[in-house]
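To start, the structure under review is shown below, and the notes come after it.
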Amino acid sequence: MQLFYSTTSPAARKVMMLLRITKQLANIELVKTNFESEELRKLNPLGKIPALVDADLTLCDSTLICEYLDELYVVAGNDSLYCGKEDYYYDVLAAHALANGLIEAAVNTVMENRRETEQSDYWLSRWKTALATGIKHINMEMIGSAKKPNIATIAMVAALGYLDFRLDHYQWRNWNPALAEWYSTLENKAWVKETAPQA
Ligand SMILES: N[C@@H](CCC(=O)N[C@@H](CS)C(=O)NCC(=O)O)C(=O)O
């Protein structure tokens, strides 16, 4: 299998974390790419990172790629990080979806800030509100823990790590001190440290 990734992409980081947690890193060839790559666009018509190639199967979108890799983990006799058999399955997926929305709002903000022509205060303010409100309302019961991470744990770490990396002036910890405390319990895990974004 090949994973097309970048060291700054929070979406790719979700997959990188899942590969480590599920001990599948050795099965993957990591291919560094960027969103302007022609090779990437052949795999993903949207030109977005990450993409996974397994023989004649090509998958784009971190959520789908993580689900595929999770399925391989389950087939090998392990518990799913998607928690499909649990009665709180949809609550975990809801927390995962919210974390994905935080990633999207943060990435949009970074892209908008890079725009050479005039930036949109309207959109920057809208995404900041989404970030602040989303962070305040995350369901702490569903985002797992250092001992028992799930798919929402991974996505939240990717979102919060990206905020520290690119938008640290937002000081998200002030929006939800309990979430900041939760995050500090994860920061020393190898799968968190080894995947930290790098410029
Ligand atoms: N929903 C997608 C989002 C992927 C995404 O937006 N990737 C960003 C990097 S984090 C990207 O490649 N952006 C380039 C672009 O949008 O052209 C996923 O979870 O994989």
Side-chain angles (χ1 to χ4, degrees), residues 1-22 24-25 28-54 57-72 80-82 92-117 119-120 123-124 126-128 130-131 134-135 138 143-144 149-168 170 172 191-192 194-199:
M1 281 188 284
Q2 286 181 310
L3 178 71
F4 290 77
Y5 79 108
S6 82
T7 56
T8 55
S9 159
R13 188 181 182 197
K14 285 172 58 191
V15 182
M16 294 294 240
M17 286 191 268
L18 185 129
L19 283 170
R20 281 170 173 77
I21 293 168
T22 63
Q24 297 183 75
L25 195 57
I28 295 264
E29 180 195 345
L30 297 174
V31 183
K32 247 190 218 175
T33 190
N34 62 68
F35 63 79
E36 281 159 354
S37 153
E38 278 308 310
E39 191 184 17
L40 176 70
R41 198 168 288 276
K42 279 184 200 144
L43 300 172
N44 181 354
L46 302 174
K48 287 181 184 260
I49 301 168
L52 181 87
V53 179
D54 187 5
L57 177 70
T58 299
L59 297 176
C60 304
D61 194 88
S62 61
T63 297
L64 183 58
I65 295 170
C66 284
E67 190 174 345
Y68 181 73
L69 294 168
D70 183 68
E71 184 62 31
L72 298 178
S80 167
L81 270 71
Y82 277 73
V92 170
L93 290 198
H96 179 211
L98 181 55
N100 283 339
L102 297 175
I103 292 174
E104 194 181 311
V107 169
N108 287 347
T109 301
V110 170
M111 294 301 155
E112 185 67 15
N113 281 331
R114 282 185 191 161
R115 189 141 67 101
E116 280 167 17
T117 50
Q119 295 155 5
S120 165
W123 281 110
L124 288 172
R126 216 181 138 82
W127 292 323
K128 189 172 182 187
L131 287 166
I135 281 178
I138 190 75
I143 54 175
N150 62 35
I151 190 64
T153 320
I154 289 171
M156 276 312 289
V157 169
L160 299 175
Y162 190 72
L163 285 174
D164 281 344
F165 179 57
R166 293 284 197 218
L167 297 168
D168 65 333
Y170 280 3
W172 66 264
W191 52 269
V192 175
E194 288 168 9
T195 60
Q198 283 168 28

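Counting starts at 1 for both ligands and their atoms, in listed order.
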Chi angles and distances behind the side chain to side chain contact (heavy atoms under 4.5 Å, CB included) call for Phe4, Asn44:
CA-CA 10 Å; Phe4 290 77; Asn44 181 354; over 6 Å; no
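- Counted by atom type alone, Ser6 and Asn34 present zero donor-acceptor pairs between their side chains at under 3.5 Å.
- For the pair Phe35 and Leu40, the tightest heavy-atom approach, listed with the atom from each and the gap, is CA-CD2, 3.9 Å.
- With sequence neighbours excluded, the residues forming a ring pair (Phe, Tyr, Trp, His ring centres under 6.0 Å) with Trp127 are Trp123, listed by chain and number.
- The salt bridge (charged side-chain N to carboxylate O under 4.0 Å, His left out) pairs that include a residue from residues 39-49 number zero, where partners must be two or more places apart or lie in different chains.
- The 4.0 Å heavy-atom shell around ligand 1 contains residues Ser9, Pro10, Ala11, Phe35, Lys48, Ile49, Pro50, Asp61, Ser62, ordered by chain and number.
- Residue pairs that meet the salt bridge (charged side-chain N to carboxylate O under 4.0 Å, His left out) test with at least one member in residues 6-21, sequence neighbours left out, are Arg20-Glu194.
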